Undergrad: 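Sharing a structure, written as structure tokens. Questions coming.
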Amino acid sequence: MLSKEDNDLMCQVGPGTPMGDLIRQYWIPALTPDDVAPDGPPLRIRLLGEDLIAFKTTSGHTGLIQNACPHRGASMFFGRNEEEGLRCVYHGWKFDVEGRCVDMPSEPAESNFKNKVKTKAYPLAERNGVIWAYMGPREVPPPMPEFPPNLDPECGVIRRMQDCNFMQALEGDIDTVHAGFLHLGHLDADRDFLRGGPEYYAIKQREARFEAYEHEIGSTYAAVRPAEEGTEYWRTGHFLMPVFTMNAPGVMPIKNSFSAWVPLDDEHTLIWGIGPRRQRNMDAHTTGIGGLKWGAFLTKEPQSPTDPYPKRDAFQQLGALQRMFLDDTTDGLGRFRALANRDNDYMIDRELQAAMEKDPTQSLRGTYTGIPQVAQDPMAQESMGPIYDRTQEHLATSDAMIIRTRRRLIGAAKALRDQSTVPPGVDNPALYRMRSGGAILPQGVEGMEVLRPVHFCEADDVSIAIEVPTAS
């Protein structure tokens with residue numbers, strides 16, 4: 001558990017807070033190129049507790065400025081986006097993407113007052129479908145992080161919003177053991193999964209042995225379970241400073257994706273899933289290290305008659321979740337809000353939950369939660385409340401990665417606050433060249449040591465001989 005003081009420090013991200021100051025040292029995802037159009041309507045954005053306005057100029061440059069006009073505070077959301085700048089409609093003051101006042105028609109023509117006025121504007125950089133923002137103190141921003149998925153020209157983006165603190169959401173992504181219960185509790189390995197795939201081994205034995213260690217850019221963990229005779233399934237994932245994860249499902253070295261858990265404020269998080277689109281159509285029998293298969297469901301997922309989400313059919317690849325959202329609103333928290341949410345109890349169907357078939361020799365019937373799969377993580381994380389009181393929790397051996405990640409993040413925030421220590425990774429973007437996923441290794445090897453070159457993209461395979469197990 002955490003003390004109240006450390007919990008507050010970890011969760012509060014506004015200007016001037018230790019964690020807010022830490023995250024502002026880094027580039028974070030803010031927009032995609034199609035969020036705003038040239039000379040189109042401005043867009044309200046909330047980031048790190050700040051209300052901001054995004055717009056795109058006539059020539060296609062994107063700007064991110066403070067919501068309040070620096071004249072007398074009218075919202076720039078209502079401004080005129082025209083001729084390379086955003087004009088406040090109250091008195092006509094106009095600002096470019098760098099925050100400079102380029103026109104002040106309410107003042108005498110001979111006045112140079114406009115040259116003395118700036119609005120807060122944050123540097124942006126676009127790379128392969130993601131527009132990153134730097135909200136920190138440096139006049140010249142640090143280099144952008146070199147995430148392999150975002151370096152790929154086929155990089156794609158999926159976003160969703162959750163009504164909870166960013167660490168509540170992020171911690172679910174480094175807590176791999178919950179998948180065997182929350183998501184897969186009604187499924188049986190032999191009946192419902194292709195043998196030899198990650199989820200097959202993950203629910204063949206739901207408990208696991210956990211290992212974790214810290215490194216320069218974050219922390220890494222593994223859940224280790226038996227695979228075929230004489231081998232083990234290593235399910236590995238990473239936390240990367242300050243708000244990034246590479247989760248454990250998938251197959252190394254094929255998997256190439258990461259998530260960004262971007263705090264909009266203390267109680268709302270925008271989750272970015274970033275990775276090449278081609279990975280969404282992998283063949284189920286594609287193999288990685290040790291012969292681990294990409295995997296697939298063999299059965300059709302039971303579904304409530306009131307569930308509006310697309311049905312998951314047999315032989316559909318793992319991870320192919322289709323999200324659905326409420327209609328957008330124009331406020332800063334008004335996009336990517338889930339259809340199944342707290343207001344409708346995440347569309348839980350108690351009859352579907354009660355109907356779960358526990359006998360694996362029988363046909364699949366019912367589900368563990370009765371909740372649509374895409375709503376299961378938000379249900380667990382939002383139902384804790386906007387910011388959970390972590391003085392009340394009881395952490396177990398399966399929480400080793402969460403403990404290390406909190407310690408890493410809180411320690412970096414305190415070091416920046418107390419000693420002005422530059423956080424790890426800010427000036428070394430190559431540290432983000434990592435990957436996660438699963439592998440089959442011989443029983444008894446030091447898996448973390450063996451997989452380290454693969455994790456850090458120094459090799460595509462391990463340096464030991466592996467007899468590929470039979471998993472027909």
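We're numbering straight along the sequence, starting at 1. Please read these numbers as outputs of a predicted model, since none were measured by experiment.
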Undergrad: Between K255 and P249, is any pair of side-chain heavy atoms under 4.5 Å apart?
TA: yes

Undergrad: Answer yes or no: is there a donor N or O on one side and an acceptor on the other, between the side chain of R435 and the main chain of I254, under 3.5 Å?
TA: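 Side chain of R435 to backbone of I254: no pair is present.
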
Undergrad: Can you see which heavy atom on W27 is nearest to which on P143, and at what distance?
TA: CD1-O, 3.5 Å

Undergrad: I need the S304 OG to I371 CD1 distance, nearest 0.5 Å.
TA: 11.0 Å

Undergrad: Around atom CD of E449, are there more than 12 heavy atoms from other residues, nucleotides or ligands closer than 6.0 Å?
TA: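 Incorrect, the count does not exceed 12.
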
Undergrad: Look at the side chain of S436 and the backbone N and O of G237, then say whether any donor-acceptor pair between them is shorter than 3.5 Å.
TA: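 Side chain of S436 to backbone of G237, a donor-acceptor pair under 3.5 Å: no, none is there.
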
Undergrad: Testing L298, D188, T299 one by one against L364 for a side chain to side chain contact (heavy atoms under 4.5 Å, CB included), which residue passes?
TA: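 Testing each of L298, D188, T299 against L364, the sole residue satisfying side chain to side chain contact (heavy atoms under 4.5 Å, CB included) is T299.
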
Undergrad: Would R191 and E357 pass as an ion pair if we require N to O under 4.0 Å?
TA: no

Undergrad: Could you give me the CA-CA distance, side-chain angles and deciding distance for F244 and F147, then say whether ring pair (Phe, Tyr, Trp, His ring centres under 6.0 Å) is met?
TA: CA-CA 10 Å; F244 304 106; F147 286 101; 4.8 Å; yes

Undergrad: Is it true that the side chains of E301 and H186 contain a donor and an acceptor less than 3.5 Å apart?
TA: yes

Undergrad: Using side-chain heavy atoms (C-beta onward) and a distance below 4.5 Å, is W132 in contact with N150?
TA: yes

Undergrad: Are any of the side-chain nitrogens in R195 or E228 under 4.0 Å away from the carboxylate oxygens of its partner?
TA: yes

Undergrad: Pick one: which of P263, P18, P242 meets side chain to side chain contact (heavy atoms under 4.5 Å, CB included) with V13?
TA: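 Checked P263, P18, P242 against V13; only one passes side chain to side chain contact (heavy atoms under 4.5 Å, CB included): P263.
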
Undergrad: Between Q443 (side chain only) and A227 (backbone N and O only), is there a donor and an acceptor less than 3.5 Å apart?
TA: no

Undergrad: Has D173 got a side-chain atom pairing as donor or acceptor with L170's backbone, closer than 3.5 angstrom?
TA: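 Pair absent, no side-chain N/O of D173 close to backbone of L170.
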
Undergrad: At their closest point, which heavy atom of M246 faces which heavy atom of F258, and how far apart are they?
TA: CG-CB, 3.8 Å

Undergrad: Please examine the side chains of F181 and R206, heavy atoms only from C-beta on, and report whether any two atoms are closer than 4.5 Å.
TA: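 Side-chain contact under 4.5 Å: yes.
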
Undergrad: Enter the distance from L124:CG to E126:CD here, rounded to the nearest 0.5 Å.
TA: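 L124 atom CG to E126 atom CD measures 9.5 Å (nearest 0.5 Å).
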
Undergrad: Give a yes-or-no answer on whether the side chains of T220 and H455 include a donor-acceptor pair shorter than 3.5 Å.
TA: no

Undergrad: Report the C-alpha separation of Q376 and Y368 in whole Å, then their side-chain angles, then the decisive distance to 0.1 Å, and conclude whether the side chain to side chain donor-acceptor pair (under 3.5 Å) test is met.
TA: CA-CA 10 Å; Q376 290 162 8; Y368 189 74; over 6 Å; no

Undergrad: After noting the C-alpha distance and the side-chain angles of Q162 and Q381, does the key distance pass the side chain to side chain donor-acceptor pair (under 3.5 Å) rule?
TA: CA-CA 8 Å; Q162 281 191 207; Q381 294 151 13; 2.9 Å; yes

Undergrad: Could you walk me through whether I348 and M379 pass side-chain contact (heavy atoms from CB on, under 4.5 Å), step by step?
TA: CA-CA 10 Å; I348 188 169; M379 175 279 298; over 6 Å; no

Undergrad: Which heavy atom of C11 sits nearest to which heavy atom of I387, and what is that distance?
TA: SG-CG2, 3.8 Å

Undergrad: Begin from the C-alpha positions of K204 and R225 and carry the test side-chain contact (heavy atoms from CB on, under 4.5 Å) through to its verdict.
TA: CA-CA 9 Å; K204 188 72 174 177; R225 297 178 173 92; over 6 Å; no

Undergrad: Is a donor on one side and an acceptor on the other found under 3.5 Å between the side chain of N344 and the backbone of L339?
TA: yes

Undergrad: Give a yes or no on whether a salt bridge exists between D35 and R159, defined as a side-chain N under 4.0 angstrom from a carboxylate O.
TA: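 A salt bridge is present here (some side-chain N lies under 4.0 Å from a carboxylate O).
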
Undergrad: Looking at A125 and M144, what are the two nearest heavy atoms and their distance?
TA: CB-SD, 3.4 Å

Undergrad: Using a 3.5 Å distance criterion without hydrogens, assess whether the side chain of R24 forms a donor-acceptor pair with backbone atoms of P137.
TA: no

Undergrad: Thinking salt bridges, do D6 and K414 make one under a 4.0 Å N-O criterion?
TA: yes

Undergrad: Name the one of T329, D331, T330 that satisfies side-chain hydrogen bond (donor to acceptor under 3.5 Å, both in side chains) with R44?
TA: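 When T329, D331, T330 are each tested with R44, the side-chain hydrogen bond (donor to acceptor under 3.5 Å, both in side chains) holds only for T330.
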
Undergrad: Within a radius of less than 6.0 Å around CD of E351, do more than 12 heavy atoms belonging to other residues, nucleotides or ligands occur?
TA: no

Undergrad: Can you tell me if D192 and Y200 form a side-chain donor-acceptor pair at under 3.5 Å?
TA: no

Undergrad: Does N7 reach the main-chain N or O of Y388 with its side chain, forming a donor-acceptor pair under 3.5 Å?
TA: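 Here the side-chain-to-backbone pair exists.
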
Undergrad: Grab the two heavy atoms, one from T369 and one from L182, that are nearest each other, plus how far apart they are.
TA: CG2-O, 3.3 Å

Undergrad: What's the verdict on side-chain contact (heavy atoms from CB on, under 4.5 Å) for R138 and V426, showing C-alpha distance, side-chain angles and the deciding distance?
TA: CA-CA 11 Å; R138 298 187 185 187; V426 169; 3.5 Å; yes

Undergrad: Indicate the atoms forming the closest heavy-atom contact of Q25 with Y134, along with that distance.
TA: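 Where Q25 meets Y134 most closely, the heavy atoms are O-CE1, 3.4 Å.
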
Undergrad: Taking CE in M1 as the centre, count heavy atoms belonging to other residues, nucleotides or ligands within less than 6.0 Å. Is the count above 12?
TA: no

Undergrad: For the backbone of G218 and the side chain of R408, can you confirm whether one donor and one acceptor N or O come within less than 3.5 Å of each other?
TA: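 Yes, because the side chain of R408 sits within donor-acceptor range (under 3.5 Å) of the backbone of G218.
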
Undergrad: Are side-chain N/O atoms of T245 and N247 paired as donor and acceptor at under 3.5 Å?
TA: no

Undergrad: Hey, does L264 have a side-chain heavy atom less than 4.5 Å from the side chain of M161?
TA: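 The answer is yes, as the side chains (C-beta and beyond) meet within the 4.5 Å cut-off.
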
Undergrad: Give, for atom OG of S363 and atom NZ of K300, the distance between the pair rounded to the nearest 0.5 Å.
TA: 13.0 Å

Undergrad: Please confirm whether the backbone N or O of Y309 pairs with a side-chain atom of Q303, one donor and one acceptor, at under 3.5 Å?
TA: yes

Undergrad: Nearest 0.5 Å, what's the CZ-CZ distance between R160 and R335?
TA: 15.5 Å

Undergrad: Taking 4.0 angstrom as the limit, do D328 and R337 come out as a salt bridge?
TA: no

Undergrad: Within the 4.5 Å heavy-atom criterion, are L187 and E199 side-chain neighbours or not?
TA: no

Undergrad: Within this structure, what is the CH2-OG distance for the pair W272 and S257, rounded to the nearest 0.5 Å?
TA: 15.5 Å

Undergrad: Taking only Lys NZ, Arg NE, NH1 and NH2, and the carboxylate oxygens of Asp or Glu, determine whether E146 and R433 approach each other closer than 4.0 Å.
TA: yes

Undergrad: Is the closest side-chain donor-acceptor distance between Y346 and E382 under 3.5 Å?
TA: yes

Undergrad: Under 3.5 Å, is there a donor-acceptor pair between the side chain of N165 and the main chain of P386?
TA: no

Undergrad: Within a strict 4.5 Å, meaning less than it, do heavy atoms of the I217 and Y432 side chains meet?
TA: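 Contact flag for I217/Y432 side chains = yes.
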
Undergrad: Please state whether the rings of Y201 and Y233 are parallel, tilted or perpendicular, taking 30° and 60° as the class boundaries.
TA: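 Tilted.
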
Undergrad: CD of E446: more than 12 outside heavy atoms within 6.0 angstrom?
TA: no

Undergrad: Roughly how far apart are R406 CZ and L9 CG, rounded to 0.5 Å?
TA: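 Interatomic distance, R406 CZ to L9 CG, rounded to 0.5 Å: 13.0 Å.
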
Undergrad: Take D307 and L352, measure what side-chain contact (heavy atoms from CB on, under 4.5 Å) needs, and give me the verdict at the end.
TA: CA-CA 11 Å; D307 184 343; L352 184 69; over 6 Å; no

Undergrad: Just so I know, are the side chains of I174 and T176 near enough to count as touching, which here means a heavy-atom distance under 4.5 Å?
TA: no

Undergrad: Is there side-chain contact between V157 and V130, with heavy atoms separated by less than 4.5 Å?
TA: yes

